[in-house]
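For reference, positions follow the sequence shown, starting with 1.
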Amino acid sequence: MTIAIIGGTGPEGSGLALRWAQAGETIIIGSRDPQRAADAAAKLCERVSGAASVPARISGAENKAACESAEIVVLTVPFDVQAEMLRHLKPALRPGQILVDASVPLSASVGGRPTRTLGIWQGSAAQQAAELAPEGVSVVAAFHNVSAELLHHDGPVDCDVIVCSDDKPAARRIRSLALKIPGVRTVDGGNLENARIVEQITALLIGFNIRSKGHSGLRITGLPPEAYDICSLIS
């Protein structure tokens, strides 16, 4: 499948692009500036090709063009531009696509603290994305709590990815995609409305990182193995 990452020139987006390209996926880096997207893609290609036998399949494009060519669109832009970006992308999105929203409504987006979240009328950034997306596009909330720093480092990522969506088949596809990142496990977070809780956890983790100068993640313990295992997704 082809994955477009909108905001792919930023730390989180480029980190996800790197990990999925290393797993053999086809990636399109999206940016407002096509040249910036192409430059970011070239740097990631060089890194992937130099570290693995898997050929890098990464290209860059303007955001709309990236969406038009992809089955899965991952939105990794700051919350203060999320709504504007989705309105811009709406003509390029089509029924059957999966839109993954990783936005977190941090107070920092309006000049506040990064350890606090904003109240969203729709309930969460993901629910706002669902309201703005065209009919027939499945919205999935995921990857809020994965450290961009760890995605760019070598080695496994010690983190669980909580996936929320009202479309269960779409959620299973994104869980399978998340499991391509070494060290990551996934957990079914339930319906999209639960994304508001997951988004708020990000602010808590940022507080840990500021106080301890770390790159904290989240692990959910006490569930049976099949709750994390890709085999349970396939069955």
Side-chain angles (χ1 to χ4, degrees), residues 3-17 29-33 36-37 40 62-64 66-67 72-90 92-93 97-134 137-152 159 161-166 170-171 174 178 189-210 215-218:
I3 306 163
I5 303 182
I6 307 304
T9 58
E12 186 78 12
S14 60
L16 290 170
I29 299 293
S31 174
R32 296 176 190 265
D33 181 350
R36 186 182 178 197
E62 189 277 330
N63 287 320
K64 279 186 179 178
C67 288
I72 296 174
V73 177
V74 183
L75 191 64
T76 61
V77 299
F79 176 72
D80 58 329
V81 299
Q82 183 220 37
E84 176 192 355
M85 181 62 70
L86 285 171
R87 293 189 186 99
H88 173 73
L89 297 176
K90 191 170 184 176
L93 296 171
Q97 283 180 313
I98 299 175
L99 172 64
V100 181
D101 185 76
S103 307
V104 179
L106 297 174
S107 294
S109 64
V110 293
R113 298 181 183 179
T115 54
R116 294 179 179 174
T117 55
L118 301 170
I120 308 299
W121 179 261
Q122 293 84 352
S124 66
Q127 288 170 292
Q128 177 171 277
E131 186 176 277
L132 294 169
V137 174
S138 298
V139 176
V140 178
F143 305 108
H144 306 88
N145 304 319
V146 182
S147 166
E149 187 78 17
L150 295 182
L151 287 171
H152 282 277
C159 186
V161 171
I162 301 173
V163 179
C164 303
S165 182
D166 296 333
I174 300 309
N191 292 339
L192 196 65
E193 66 178 1
N194 291 335
R196 69 185 188 279
I197 302 168
V198 183
E199 292 170 7
Q200 290 170 353
I201 291 172
T202 304
L204 179 66
L205 295 178
I206 289 172
F208 291 155
N209 295 338
I210 291 173
H215 305 291
S216 58
L218 184 70

Identify the heavy atoms of [X] and [Y] that sit nearest to each other, and give their distance.
X: Thr76; Y: Gly8; result: OG1-N, 4.2 Å
X: Ala130; Y: Val139; result: CA-CG2, 3.7 Å
X: Lys64; Y: Leu89; result: N-CD2, 4.0 Å
X: Pro11; Y: His152; result: O-NE2, 2.9 Å
X: Ala129; Y: Leu86; result: CA-CD1, 3.5 Å
X: Cys159; Y: Asn145; result: SG-O, 3.4 Å

Taking C-beta and beyond as the side chain, do [X] and [Y] meet within less than 4.5 Å on heavy atoms?
X: Gln127; Y: Ile120; answer: no
X: Arg196; Y: Gln122; answer: no
X: Ile174; Y: Phe143; answer: yes
X: Glu131; Y: Trp121; answer: no
X: Leu132; Y: Arg87; answer: yes
X: Gln82; Y: Leu75; answer: yes
X: Glu12; Y: Val146; answer: yes
X: Asn194; Y: Val198; answer: no

### Query
Going by atom types only, do Ser31 and Asp33 share a side-chain donor-acceptor pair under 3.5 Å?
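There is no such pair between these side chains.
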Out of curiosity, [X] [atom1] to [Y] [atom2], how far, rounded to the nearest 0.5 Å?
X: Arg36; Y: Ile29; atom1: CZ; atom2: CD1; result: 11.0 Å
X: Ser147; Y: Leu218; atom1: OG; atom2: CG; result: 13.0 Å
X: Gln128; Y: Ser103; atom1: CD; atom2: OG; result: 8.5 Å

### Query
Yes or no on side chain to side chain contact (heavy atoms under 4.5 Å, CB included) for Ile201 and His144, after CA distance, side-chain angles and deciding distance?
CA-CA 8 Å; Ile201 291 172; His144 306 88; over 6 Å; no
### Message
Between Glu199 (side chain only) and Ser124 (backbone N and O only), is there a donor and an acceptor less than 3.5 Å apart?
### Response
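Side chain of Glu199 to backbone of Ser124: no pair is present.
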### Query
Just one of Leu150, Leu204, Leu205 clears the side chain to side chain contact (heavy atoms under 4.5 Å, CB included) bar with Ser216, so which one?
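It is Leu205; the other options fail the test.
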#### Entry: With Ile72, the side chain to side chain contact (heavy atoms under 4.5 Å, CB included) member among Val140, Ile98, Leu99
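Option passing the side chain to side chain contact (heavy atoms under 4.5 Å, CB included) with Ile72: Ile98.
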